[in-house]
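Down below is the structure, laid out as structure tokens.
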Amino acid sequence: MSHTHNAETYKAAKAEVKRVTIILTILTIIELVLGFWMYSSKESLGHSGILFIKGVILILMVVKAFYIVAYFMHLKHEMKNMIMTIVVPLSLFIWFIFAFLYDGNSYNHLRNTYDRYYESQRHIKVEDKHESSATHSTENENHTEEHH
Amino acid sequence: MATTAVTNTKWWNGGKSPFNLEYGKVMMWYFLMSDAFTFGAFLISYGTIRFSTNGWPDPNVVFKSYPFQPHGGNAPLVFVSIMTFILIISSVTMVLAVQAGHHHDKKAVVRNLILTIIGGAMFLGCQAWEWTHLHEHGAWWGKNPFLNADGTHATTNFTNYFFTITGFHGFHVFSGVVINIIMLIMTLNNTFEKRGHYLMIEKAGLYWHFVDLVWVFVFALFYLV
């Protein structure tokens with residue numbers, strides 16, 4: 001292999017790193033802007049608006065992961081069989097995520113339906129508790145220290 | 001390709017490497033795949049518990065502090081975004097070290113490895129400060145001083161998962177820094193020059209990028225969502 005060819009591939013590889021760095025930086029900045037947006041306009045966005053932004057953040061997360069694995073870890077430039085031995089087992093995660101999150105959600109739903117004590121707790125704010133009973137005072141003290 | 005210096009063909013009894021990769025690199029990939037399952041199990045467990053709970057603390061309220069402020073300050077996400085950029089940049093310098101290794105550019109390898117080690121150490125320093133700060137405010141395994149976003153009383157699940165998963169990730173960063181220091185010493189001793197290739201740095205690089213990859217998920221799932 002000639003020396004000039006080597007120097008050229010070195011240059012091309014460096015350009016690719018630069019491009020991926022810029023993409024990762026931009027994606028991270030978009031994630032942060034969305035995070036701040038959720039925080040600053042929680043009321044105006046509403047429940048479905050917040051869920052939508054969270055979904056966008058999760059998609060950006062997966063895109064960032066793709067760029068790191070494909071370019072920084074060089075997997076995109078490996079042989080197809082090699083890529084498959086990594087990607088196919090990891091695709092189990094698709095099932096894991098849906099199954100476990102569905103299960104967690106279902107458990108919460110069951111408890112909210114049949115466990116009256118559990119269901120009542122979701123409506124009691126800590127300030128109300130403080131007025132109605134003294135039993136939780138130690139936890140509330142912890143909390144008020146935070147604010148002073 | 002120039003990178004496939006098939007020095008370890010003896011490992012593959014078929015006579016040639018089926019993936020056109022050396023043995024050690026393939027095994028590093030499989031190790032990282034198993035590590036991905038470990039982290040994935042942690043994160044899915046966290047998600048399941050979060051879905052099975054009515055309320056959850058608001059990360060913008062919990063993670064709003066930054067150093068050198070007597071009261072911790074009030075700047076949601078700023079400190080953790082600095083940590084994220086430190087890790088991304090250290091990943092970039094690691095790629096540059098690997099590429100320099102391909103082209104036997106020892107000086108560039110040393111320079112980029114040193115930058116990567118500094119980045120890793122800075123990240124660990126940030127994490128140490130964050131943990132100390134949260135601990136001072138009463139957060140630890142089994143202790144959660146923060147309320148849910150809707151003002152109801154929170155369980156300790158939030159702090160348990162936060163400290164376990166960021167702790168496990170931090171331990172990976174720490175071992176990555178140690179591995180990179182070993183790579184730096186070996187480079188300075190001309191070990192790779194004598195061996196004729198810098199393939200060992202590629203394996204260390206894969207590990208380091210994996211640490212960055214996990215942080216992408218931890219950052220989004222704990223601090224943003």
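The chains referred to below are lettered A, B, ... by the order of the sequence lines, with proteins before strands, and numbering in each begins at 1.
For A/Tyr107, the OH atom sits in a loose shell: 12 or fewer heavy atoms of surrounding residues, nucleotides or ligands are nearer than 6.0 Å. Other residues, nucleotides and ligands place no more than 12 heavy atoms under 6.0 Å from the CE atom of B/Met122.
Options B/Thr48, B/Leu77, B/Asn54 differ in how many heavy-atom pairs under 4.5 Å they form with chain A, and the most are formed by B/Asn54. Annotation: maximal heavy-atom pairing with chain A below 4.5 Å, among B/Pro76, B/Gly205, B/Ala100, B/Ala220, occurs at B/Pro76. Contacts with chain A were tallied for B/Thr152, B/Val80, B/Ile88; B/Thr152 has the most, counting heavy-atom pairs under 4.5 Å. Listed options B/Ala41, B/Gly151, B/Gly40 were ranked by heavy-atom pairs under 4.5 angstrom with chain A; first place goes to B/Gly151.
Both the backbone and the side chain of A/Phe36 have a heavy atom closer than 4.5 Å to some heavy atom of chain B. When heavy atoms are compared at a cutoff of 4.5 Å, B/Leu43 does not approach chain A at all. For B/Val95, the part lying under 4.5 angstrom from a heavy atom of chain A is the side chain only. Using a 4.5 Å cut-off between heavy atoms, A/Leu110 does not touch chain B at all. Neither the backbone nor the side chain of B/Asn148 comes within less than 4.5 Å of any heavy atom of chain A.
Of the listed residues (B/Phe222, B/Phe79, B/Phe162), just one forms a ring pair (Phe, Tyr, Trp, His ring centres under 6.0 Å) with B/Phe63, and that residue is B/Phe162. Residue B/Tyr198 is tested with B/His104, B/His102, B/Glu193 for a side chain to side chain donor-acceptor pair (under 3.5 Å); the sole match is B/Glu193.
Under the 4.0 Å criterion applied to side-chain N and carboxylate O atoms, B/Glu202 and B/Lys25 are assigned as salt-bridge partners. Taking a cutoff of 4.0 Å between a charged side-chain nitrogen and a carboxylate oxygen, B/Lys203 and B/Glu22 qualify as a salt bridge. Under a 4.0 Å N-O distance rule, the pair A/Arg122/B/Asp150 does not qualify as a salt bridge.
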